[in-house]
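Here's the structure we're looking at; comments come further down.
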Amino acid sequence: MNSLTIALSKGRIFDETLPLLAAAGIEPAENPEQSRKLIIGTNHANIRLVIVRATDVPTYVQYGAADFGIAGKDVLTEHGGSGLYQPLDLQIARCRMMVAVRKGFDYAAASQPGCRLRVATKYPDIAAEHFADKGVHVDLIKLYGSMELAPLVGLSDAIVDLVSTGNTLKANDLEAVEHIADISSRLVVNKAALKLKYAAIQPIIDAFARVVNADKAA
Ligand code: AMP
C-alpha cells in the first residue's frame, strides 16, 4: 500500500481540517498544539501528517516531501503554485485580504493614481499587483508578523493583511479601506504523486469534496 504524507499547519487550518480528515476516515494520533512532534501518525499505518509553517506547505508539496497539503489562497498566490494541482477550494479558514490604515488617515486622497504610498505586508506580490492595478506607486515593506503595528509607529501608511472578524484592526485603531480578495484554504496535491498514488489520494479528495458540497448545500 502506498504511504501518504499530508502537510498541514497548526492552528486554524489544522482545526478546520480535522472534520475533513475524519470524513476520509483519518484520525491524527496526537494534537500538534500539545505536542512538539513535527511528524504525527494517524490511525492508518501508511498515512502521516507533517506539521509545517503555513507558508511552507506549498513548498513541501511542490517538492514531493508531502503528497498533498492544505494552504490558504494567500499563501498559494505568493508561492506561485508551481508543481501543484489545486483540485478543491475547501472553504475553510475563510477571511479577506484587505488594505487597512490608521483611523483618520485620508486613504482616498493618498491612493490616487500617481500617488506614492508606503505599505507594510507579509504579501508583497499580492500588494504589488493590487496597487499596480490602481496606478498607485508603492514602497513595499516586507514584514513577517504583526503588520498592524506598522502604521501605528510610522513604519508605513497602510498595511495589506488578512482580516477575519476585524477585531485586531479595531483593537489597534485601524480600519479596513479596501477589499483585495476573498481568501479560503485549498487542497494542494503534488502532480506526480496524484498520478503515482492515484488510488490512495483520489478517495481522500472525494471525501473532502463530499463534506464541502454538503456544507454548501446546508
Ligand atoms: P481578526 O482579528 O479576526 O480580523 O484576525 C486578524 C488577524 O488574524 C490578523 O493578524 C491576520 O493576519 C490573522 N488572520 C485572520 N484570518 C486568517 C487566516 N484565515 N489565516 C491566517 N491568518 C489569519
Side-chain angles (χ1 to χ4, degrees), residues 6-21 28 31-33 38 49-61 66 68-81 84 86 88-105 107 117-131 138 140-188 208 211-212 215-216:
I6 306 172
L8 295 175
S9 53
K10 278 195 209 181
R12 208 174 313 219
I13 289 184
F14 187 87
D15 295 343
E16 295 189 33
T17 298
L18 281 177
L20 298 169
L21 290 173
N31 180 343
E33 299 298 347
L38 300 173
L49 310 178
V50 290
I51 306 301
V52 302
R53 263 186 86 124
T55 42
D56 291 335
V57 167
T59 307
Y60 276 82
V61 177
F68 65 91
I70 293 173
K73 172 97 185 325
D74 50 323
V75 165
L76 288 168
T77 306
E78 287 294 320
H79 172 270
L84 303 175
Q86 297 182 32
L88 202 54
D89 179 351
L90 298 168
Q91 302 284 346
I92 60 172
R94 290 170 73 164
C95 57
R96 288 151 291 148
M97 185 71 73
M98 307 281 290
V99 181
V101 297
R102 257 189 22 219
K103 273 197 188 124
F105 179 82
Y107 180 71
L117 205 61
R118 270 195 307 166
V119 177
T121 187
K122 204 164 118 183
Y123 307 99
D125 289 352
I126 293 171
E129 190 182 335
H130 175 71
F131 288 104
V138 280
L140 289 171
I141 300 169
K142 167 92 183 181
L143 291 179
Y144 294 87
S146 298
M147 278 148 274
E148 294 86 358
L149 183 61
L152 303 180
V153 295
L155 180 61
S156 72
D157 303 310
I159 59 171
V160 167
D161 193 11
L162 298 175
V163 178
S164 177
T165 61
N167 289 340
T168 308
L169 292 181
K170 214 179 195 177
N172 291 292
D173 281 326
L174 301 173
E175 61 185 357
V177 285
E178 217 159 50
H179 174 268
I180 299 179
D182 287 325
I183 300 291
S184 54
S185 291
R186 319 283 160 121
L187 185 62
V188 289
F208 285 9
V211 176
V212 174
D215 286 351
K216 259 194 224 154

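Indexing begins at 1, ligand by ligand and atom by atom, following the structure's order.
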Exercise. Just by distance, do the side chain of Glu78 and the backbone of Ile126 share a donor-acceptor pair under 3.5 Å?
Worked result: yes

Problem set entry | Nearest-contact summary for atom 19 (N) of ligand 1 - protein heavy atom, Å | Ala93 O, 3.0 Å

Exercise. Side chain, backbone, both or neither: which part of Thr165 has a heavy atom under 4.0 Å from ligand 1?
Worked result: both

Seminar exercise, completed: The atoms of ligand 1 lying under 4.0 Å from a heavy atom of Asn167, numbered in the order shown, are 2 (O), 4 (O)

Exercise. What residue and heavy atom of the protein are closest to atom 7 (C) of ligand 1, and at what distance?
Worked result: Thr168 OG1, 3.8 Å

Exercise. Any idea which atoms of ligand 1 are less than 4.0 Å away from a heavy-atom of Glu148?
Worked result: 9 (C), 10 (O)

Problem set entry | Pair Asp182 + Arg96: basic N to acidic O under 4.0 Å | no

Exercise. Below 3.5 angstrom, do we get any N/O pair linking Cys95 and ligand 1?
Worked result: no

Exercise. Side chain, backbone, both or neither: which part of Arg94 comes within less than 4.0 Å of ligand 1 when only heavy atoms are counted?
Worked result: neither

Exercise. What protein heavy atom sits nearest atom 22 (N) of ligand 1, and how far away is it?
Worked result: Leu162 CD1, 3.6 Å

Exercise. Backbone or side chain, does any N or O of Val163 fall under 3.5 Å from an N or O of ligand 1?
Worked result: no

Exercise. Side chain of Glu178, backbone of Val99: donor and acceptor closer than 3.5 Å?
Worked result: no

Exercise. How close does the nearest protein non-hydrogen atom get to atom 12 (O) of ligand 1, and which residue and atom is it?
Worked result: Asp161 OD1, 3.0 Å

Exercise. Does the Asn172 side chain pair with the main chain of Leu174, one donor and one acceptor, at a distance under 3.5 Å?
Worked result: no

Problem set entry | side chain to side chain contact (heavy atoms under 4.5 Å, CB included) between His130 and Val160, intermediate numbers included | CA-CA 10 Å; His130 175 71; Val160 167; 5.7 Å; no

Exercise. Can any side-chain N or O of Gln91 pair as donor or acceptor with the backbone N or O of Ser184 at less than 3.5 Å?
Worked result: no

Seminar exercise, completed: Logged contact type for Arg12 with ligand 1, heavy-atom cut-off 4.0 Å, is side chain

Exercise. Looking only at heavy atoms of Gly72, does any of them come nearer than 4.0 Å to an atom of ligand 1?
Worked result: no

Problem set entry | Asp173, Val101, Ile159, Asp157 screened by side chain to side chain contact (heavy atoms under 4.5 Å, CB included) with Pro151, the one that passes | Ile159

Seminar exercise, completed: Which of Asp74, Asp161, Thr77 passes side chain to side chain donor-acceptor pair (under 3.5 Å) with Tyr123? Answer is Asp74

